[in-house]
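Convention: sequence-line order gives letters A, B, ...; per-chain numbering from 1.
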There are 2 protein chains.
Amino acid sequence: MTAEISTIRTEFIDFMGRALEQQGLSPIAGRILGLLIFDGDARSFSELAEELGVSRGSISANAKLLVHKGTIVKENRAGDRQDYFRIAEESFEVMLTSLRERVLQTASSVQDFADALPGDQSARRRLCGMAEFYRAMAEGIALAKARLAKIRC
Amino acid sequence: MTAEISTIRTEFIDFMGRALEQQGLSPIAGRILGLLIFDGDARSFSELAEELGVSRGSISANAKLLVHKGTIVKENRAGDRQDYFRIAEESFEVMLTSLRERVLQTASSVQDFADALPGDQSARRRLCGMAEFYRAMAEGIALAKARLAKIRC
DNA sequence: CATTGTGTTCAATTTCAACTGAACGCAAAT
DNA sequence: ATTTGCGTTCAGTTGAAATTGAACACAATG
């Protein structure tokens with residue numbers, strides 16, 4: 001890998017750390033994801049800790065989280081006790097799916113608040129509108145997912 | 001307002017504090033928004049501070065932020081030196097618009113990373129796919145906005 | 001002119017999640 | 001049986017963001 005590409009790689013990993021931080025994940029989770037997306041192939045637990053310059057404890061916690069969310073997958077190799085991680089094939093779809101679920105959950109909560117109010121309350125109308133808002137978001141995400149699937153094929 | 005409705009109102013305000021915290025805003029900003037959405041009409045600066053039980057400094061900072069984002073509007077009345085705030089008519093549209101812009105900005109950044117790589121790098125393909133992902137998201141948000149506008153009319 | 005009622009500012013405090021690193025448990029290798 | 005290499009755990013630390021509250025500036029009021 002040329003020095004030039006190596007620089008881009010580092011910057012991309014940093015970028016991902018910041019980008020996913022905005023979405024509620026920790027910077028380290030974002031950087032792990034960034035590294036694995038950039039490289040494409042699998043990286044060992046130790047490689048991750050060393051290359052990102054973070055503690056093994058952090059890799060353990062954050063890799064586990066990402067595996068649980070389905071954005072990365074753990075691999076194990078015969079005769080090698082290390083854990084390896086790679087980006088999940090369907091990582092983007094997974095992100096959209098969980099995002100959509102969160103949005104729908106919010107819509108449902110807001111709808112519950114609305115339903116608890118008498119029909120003559122103007123607040124009820126506003127909360128219903130807000131629930132509609134979140135449902136519209138969810139629909140938009142579903143569209144994005146469909147569109148993404150089409151591009152892939 | 002009955003005690004029952006008052007309870008729902010308080011819980012909704014709390015809910016909004018937590019919900020908007022997830023989206024990168026401060027809890028107090030979320031609670032201001034929640035209060036104004038629930039009540040519908042305008043509330044004075046002091047009323048907000050008192051009802052939410054927070055300092056005037058916090059109201060000042062957070063209300064200014066929400067006004068700047070366009071989700072609430074400031075009103076002033078003849079013969080009354082206080083500032084009043086109410087939920088913006090187009091608050092949801094505004095949220096979707098700014099969300100879409102953020103997503104498009106991210107898509108653009110990722111595309112820049114991809115474009116900086118030689119064509120033979122497999123990383124380039126993956127980053128392009130990621131940029132597509134964000135563009136698909138943006139399109140989904142546009143759909144949500146259109147759908148929301150339709151419901152309103 | 002002094003006072004009162006505004007919103008703003010900013011330094012200090014508080015809070016909270018991220019992160020570390022040492023201790024640990026476990027399994028494979030020697 | 002001991003050592004080595006692995007991932008996990010958790011108590012402690014750190015750092016950043018939210019919040020406070022007192023000082024302030026300003027304008028209206030008395």
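- Ion pairing between B:Arg31 and B:Glu51 fails under the 4.0 Å rule for side-chain N and carboxylate O.
- By the 4.5 Å heavy-atom criterion applied to side chains, B:Arg86 and B:Leu36 are not counted as neighbours.
- Under 4.0 Å is where a charged nitrogen must lie from a carboxylate oxygen, and between A:Arg135 and A:Glu132 at least one such pair does.
- Each end of the helix from C:dC1-D:dG30 to C:dT30-D:dA1 yields a helix axis from five base pairs, and these two axes differ in direction by 10° (to the nearest 10 degrees).
- Cation-pi check for A:Arg77 over A:Tyr84 is met; the charged atom lies under 6.0 angstrom from the ring centroid and within 45 degrees of its normal.
- In this structure, the side chains of A:Ser26 and A:Glu21 stay at 4.5 Å or more apart for every pair of heavy atoms.
- Using a 4.5 Å cut-off on side-chain heavy atoms (C-beta onward), A:Leu117 and B:Phe38 make contact.
- For B:Asn76 and C:dG5, the CG to C1' distance is 14 Å, given to the nearest whole Å.
- Rounded to an integer number of Å, the gap from B:Arg81 CZ to C:dG5 C1' is 4 Å.
- Summarising the geometry, atom CD belonging to A:Glu47 is positioned 10.5 Å from atom CG belonging to A:Leu52; distances are rounded to the nearest 0.5 Å.
- When the C1' atom of C:dA29 is taken as reference, atom CD of A:Gln82 falls 15 Å away, rounded to whole Å.
- Between the P atom of C:dT6 and the CZ atom of B:Arg77 lies a distance of 13 Å, rounded to the nearest Å.
- Of all heavy-atom pairs spanning A:Arg147 and B:Ala136, the tightest one is NE-CA, 4.0 Å.
- A nucleotide of DNA chain D counts as in contact with chain A when one of its atoms lies under 4.0 Å from a heavy atom; the first and last such, 5' to 3', are D:dG5 to D:dT9.
- Contacts between residues 55-71 of chain B and DNA chain C, defined by a heavy-atom separation under 4.0 Å, are made by B:Arg56, B:Gly57, B:Ser60, B:Lys64.
- Inter-residue side-chain proximity for B:Phe85 and B:Arg43 is flagged as unmet; no heavy-atom pair is nearer than 4.5 Å.
- Shown here is B:Glu50, whose CD atom has no more than 12 heavy atoms of other residues, nucleotides or ligands within 6.0 Å.
- Taking the side chain as every heavy atom from C-beta outward, B:Phe92 and A:Met137 never approach each other to under 4.5 Å.
- If you measure from atom CD1 of A:Ile28 to atom C1' of C:dC19, you get 6 Å, rounded to the nearest angstrom.
- For the pair B:Leu48 CG and C:dT8 P, the interatomic distance rounds to 12 Å; values are reported in whole Å.
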